[in-house]
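Each remark here refers to the structure printed beneath this line.
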Amino acid sequence: MTMDDLIAKQMRVTRQENAHCELVSFDRDAANAFQHYVNESLAFAVKRGGFMYGTVSDVGKVEVNFIYEPPQVGMEERLMLMRDSDEEKVVDAIVAGSGMRRVGFIFTQTIGQNKKDYTMSNLEVARVSFVIFAATMWSIWLSRNELIFRGENILEQKLVSLIRIRSFEWVRFRSKWGEFSFEQWDCNARNILR
């Protein structure tokens with residue numbers, strides 16, 4: 001195979017000059033139902049997808065009113081739709097009767113359990129933030145007491161270490177999430193609080 005053959009087989013993606021739509025607006029309940037199931041039931045460990053149905057205005061604004069999820073098999077790296085054309089025709093007919101149409105496709109991105117880069121849900125952020133905030137306040141209070149009653153000044157670096165250790169101990173003591181080590185908590189609190 002020559003270099004020209006290799007170049008000819010490459011796929012080229014060019015920038016789209018004009019967007020098909022400038023704005024997409026989701027019905028809050030439809031978006032929450034789709035994301036809630038993926039987050040709470042599947043923990044973003046498998047891909048999930050669905051067809052978006054709604055309206056498109058004359059100026060190109062898309063409004064998504066609901067998401068239809070066809071039968072599917074989701075895995076961490078891929079999503080296979082088990083499409084049934086008869087079922088999709090029924091859905092399209094119901095939607096057309098409501099003045100809507102298929103406006104797009106939505107899918108989730110998985111969060112690999114062994115990957116360091118991930119997105120936390122708002123509930124996970126709230127849980128971690130509360131524990132760290134409480135451990136921080138308690139640690140500052142205790143270090144203030146050390147200074148006032150014993151004359152010992154705790155260095156900032158030691159205070160940060162104490163906060164990390166206390167937050168780990170508090171979560172481990174009250175944990176409903178199973179056994180985990182300090183290293184797991186320190187590096188990946190998100191998976192422990194799931």
Side-chain angles (χ1 to χ4, degrees), residues 10-133 171 174-178 180 184 187-194:
Q10 288 180 347
M11 177 186 285
R12 289 189 173 71
V13 177
T14 57
R15 185 171 65 93
Q16 182 178 335
E17 291 300 323
N18 297 317
H20 290 294
C21 73
E22 295 290 326
L23 175 68
V24 176
S25 175
F26 278 87
D27 175 78
R28 182 178 62 190
D29 293 332
N32 283 343
F34 180 72
Q35 182 170 318
H36 184 267
Y37 173 72
V38 172
N39 182 25
E40 296 298 320
S41 302
L42 305 174
F44 284 102
V46 297
K47 290 187 184 295
R48 195 89 187 142
F51 294 104
M52 299 183 296
Y53 286 89
T55 58
V56 180
S57 72
D58 293 335
V59 294
K61 179 183 175 190
V62 176
E63 290 189 23
V64 177
N65 298 101
F66 74 92
I67 299 167
Y68 162 68
E69 295 182 55
Q72 56 195 272
V73 176
M75 293 164 264
E76 186 175 3
E77 297 297 326
R78 72 181 127 159
L79 173 65
M80 293 187 311
L81 298 179
M82 309 304 191
R83 296 182 72 175
D84 180 348
S85 60
D86 292 334
E87 184 176 303
E88 287 183 30
K89 285 177 187 174
V90 170
V91 173
D92 288 340
I94 292 169
V95 169
S98 302
M100 294 182 276
R101 66 183 179 101
R102 189 181 297 181
V103 295
F105 186 79
I106 187 169
F107 63 94
T108 62
Q109 188 67 351
T110 58
I111 300 172
Q113 300 302 315
N114 57 354
K115 296 186 174 108
K116 291 184 179 178
D117 295 330
Y118 53 82
T119 304
M120 294 174 72
S121 73
N122 59 347
L123 182 59
E124 291 167 333
V125 169
R127 287 177 179 168
V128 170
S129 298
F130 177 76
V131 169
I132 293 172
F133 174 76
V171 169
R174 298 190 49 133
S175 179
K176 301 170 192 157
W177 301 292
F180 53 90
Q184 289 170 313
C187 296
N188 201 0
R190 176 189 162 273
N191 284 339
I192 291 166
L193 295 179
R194 182 160 288 189

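The figures here come from the full heavy-atom set of this structure, side chains too, leaving out hydrogens, waters and symmetry mates. Worth saying up front: this structure is predicted, and the values here are computed from it rather than measured.
- What you find for P70 and G50 is that their closest heavy atoms are CD-CA, 4.3 Å.
- A salt bridge (charged side-chain N to carboxylate O under 4.0 Å, His left out) check over residues 85-95, counting only residues at least two apart or in different chains, returns the pairs R83-E88, E88-R102, D92-R102.
- Among residues at least two apart or in separate chains, there is no ring-ring contact (aromatic ring centres under 6.0 Å, His included) pair with a member in residues 71-97.
- With rounding to the nearest 0.5 Å, the separation of CZ in R101 from CG in N65 is 12.0 Å.
- A ring-ring contact (aromatic ring centres under 6.0 Å, His included) check over residues 62-102, counting only residues at least two apart or in different chains, returns the pairs Y53-F66.
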Under 3.5 Å, side-chain donor or acceptor atoms of residues 23-33 against the rest of the protein: list the pairs with distances, not counting sequence neighbours.
from : atom 1 : to  : atom 2 : distance (Å)
D27  : OD2    : D29 : N      : 3.2
D27  : OD2    : A30 : N      : 3.0
N32  : ND2    : R28 : O      : 3.4

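- For residues 59-75, every residue pair satisfying the salt bridge (charged side-chain N to carboxylate O under 4.0 Å, His left out) rule, not counting sequence neighbours, is listed here: R48-E69, K61-E63.
- By the ring pair (Phe, Tyr, Trp, His ring centres under 6.0 Å) test, F105 is found to be paired with F51, residues two or more places apart in sequence or in another chain being considered.
- Checking T55, V103, I106 one by one against V64, the side chain to side chain contact (heavy atoms under 4.5 Å, CB included) holds for a single residue, V103.
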